[in-house]
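Predicted model only: the values in this text are computed from it and were never measured.
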Amino acid sequence: MTIHKIRPSGRPANVPHTLVSHDCGPEACEIDWLVSDRVEVDDDISAFTSLSLEQGWGDGLPLVPPTENRVRAFLSENHRYPDKVIGRMPDSTECTVEKIVVNAVMAGARPESLELIIAALEGVTQPDFELYGVNATTASVYPAFVVNGPIRKELDIPCSYGCAGGVATQANAIGRAIRLVMRNVAGQVAGVTSQTTFGSPGRLASIVMGEFEERSPWAPLAERRGVSGNAVTAMNTMGTMNILDTTSTGAMAFIEMIGKSVAYPAANCFSPAMEYSEMYIGINPICADLIAREISNIEDVQEAIWKFAKLPGDWLQEHHRVQVEAQGRIREDGFIYATPEPKDIILFVAGGLGGLHALGLHSFGSSLAQTRALATVDAKATQAA
Amino acid sequence: MSSIKVLDPTANRQSDNASPGPDAGPLAGKKIGIRVDQIWRCWDWISENWEAKFRAAGAEVSYWRSTNRSGEEGEEQLRSLVEWLDTLDCAIFGLANCGSCTGWTVHDAIASANAGLPTTVVATQNFEEFAHELSERGGRSGMRVHVLPYPLNELSRAEVDPVAEEYFDGLIKVMGASIGEQKAAA
């Protein structure tokens, strides 16, 4: 029996590069930095929204017209050149800052959110994120984002009540901007390039939430993944799964409920379509505190949850069992574990102070979460040089 | 009402090569690659059936199995795909029978077509149009696609084997291949 362990690859996405020389600076150059085609439309949001639907640009909700002035102002406030290539999409399309900004304007995002949007898209375009499969699949998958660092407060990214959806903050516009880029640059359109059977409300504005660092007994998620300060972790999810626990009293009881609840035969982590996957779990601050009183080390919490997140091999239907057995996933104890190793159960702390619930985010295929730092002004200047 | 000019939010796809690529031609003496996956048992069964026919026609058959596409295993997959393609005279890629598996089937087929190999994608009927769409977006709109009935994986082996028999001649035609008549009947 050989368990396929998850080892992130060293494959470079595409080294960010610029398309023209920046020697003269954005104001001094005589060239037109914006290369997008211009389309004439009535100066009216309804007219533009109708146009966007005709052109296949929109998501069905009203959109802000991306005029040249709005796009230039967005770029200027961020000291960004529009021709910078941030990543390469599944069909080799280059995702430039210009296209990101045009879509961000349409989504109603504010200029100060651009660096978060760019960092999120840097994560999405990494080879290990498997955007190629994400775009095409019949699954309901969409990327969710957990934000760390002071930027959470500056952008009012929700960490507490309703953080996974429904809170009236600009996190919705940020997530919508990312989704529009996935539609208009990555080319993900349901029924055309995406075969998603059901889709998900998360395909409209994704999930953009902060980790509740102030109430977490453990180090921030991004820091545990090697990135301190302002950072975003992108993780593909099939949707939100609620884990209700009104009975547990101690750490191990909570952990058992969480671990057992995320393990069901048709979950991504038990699919024979691939040998491994990750699992993401949000723990509410009350529960996290109770767990940490007994288990202070988060790696130990991951291991404890992992030990419960399993299914007996002989419980599966024959065709299913035969395939996972051929992959070496039924271990000597007769169980299939949700992930190859405890480290692949990725935990973060978020949610309201009412407690009671945990958030399960089952991953997609063998895609791996990606954590990226947000660029600083100094870093941008270095990149532009 | 006054008008404004807005910027197009879409990005251009790469340039297209509409050629289907070279015909596979006579198969005797050639090495035919069959790409399989670890999802569709029906495709394993059909491949085994077609392998026997190819061997009877004097061809050699080599398999390559798609598994994980992320991490070090994904990196190794890409390396081994390129190495495998280098050993072949023509290649068959399947099975386009879901969203992501159509995506990766076409992805790998495009690598084959761009390497100059006679290349054919095998899709089930529901994913035929999708396979063409992804091929076009990948810059190979002329990709050869052979279509099997749908649904297929839900059938038993006893039901799938006749499908393999029935659709073999069509495969040869789409590949632009030829085999001796007496051997084809084997």
Mutual orientation of the aromatic rings belonging to B/H107 and A/Y132 [parallel < 30°, tilted 30-60°, perpendicular > 60°]: perpendicular
Quick one: does [X]'s side chain have a donor or acceptor within less than 3.5 Å of a partner on [Y]'s backbone?
| X | Y | answer |
| --- | --- | --- |
| B/S70 | A/S366 | yes |
| A/Q323 | B/Q38 | yes |
| A/K99 | B/D8 | yes |

B/L7/A/R38 under side chain to side chain contact (heavy atoms under 4.5 Å, CB included): CA gap, chis, key distance, verdict: CA-CA 5 Å; B/L7 275 63; A/R38 271 66 162 179; 4.3 Å; yes
Among B/G99, B/S3, B/S100, B/P9, residue most engaged with chain A (heavy-atom pairs, under 4.5 Å): B/P9
Which of B/G71, B/C98, B/G103, B/S2 touches chain A most, by non-hydrogen pairs under 4.5 Å: B/G71
Is it the side chain or the backbone of [X] that comes within 4.5 Å of chain B heavy atoms, both, or neither?
| X | answer |
| --- | --- |
| A/I100 | neither |
| A/P65 | both |
| A/P66 | both |
| A/V192 | both |
| A/S277 | neither |
| A/Q327 | side chain |
| A/M106 | side chain |
| A/F129 | neither |
| A/V71 | side chain |

Rounded distance (nearest 0.5 Å) linking atom [atom1] of [X] with atom [atom2] of [Y]:
| X | Y | atom1 | atom2 | answer |
| --- | --- | --- | --- | --- |
| B/M1 | A/D44 | CE | CG | 4.5 Å |
| A/Q195 | B/E133 | CD | CD | 10.0 Å |
| A/L368 | B/R69 | CG | CZ | 13.5 Å |
| A/H4 | B/E72 | NE2 | CD | 13.5 Å |

Whether over 12 other heavy atoms sit under 6.0 Å from B/E76 CD: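 Result for CD/B/E76: enclosed.
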Considering all heavy atoms, the nearest B/F130-A/T193 contact: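 Reported closest heavy-atom pair: CE1-O, 3.1 Å.
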Nearest atoms (heavy-atom pairs only) where A/D42 meets B/I4: O-CG1, 4.1 Å
Part of B/T102 lying under 4.5 Å from any heavy atom of chain A: neither
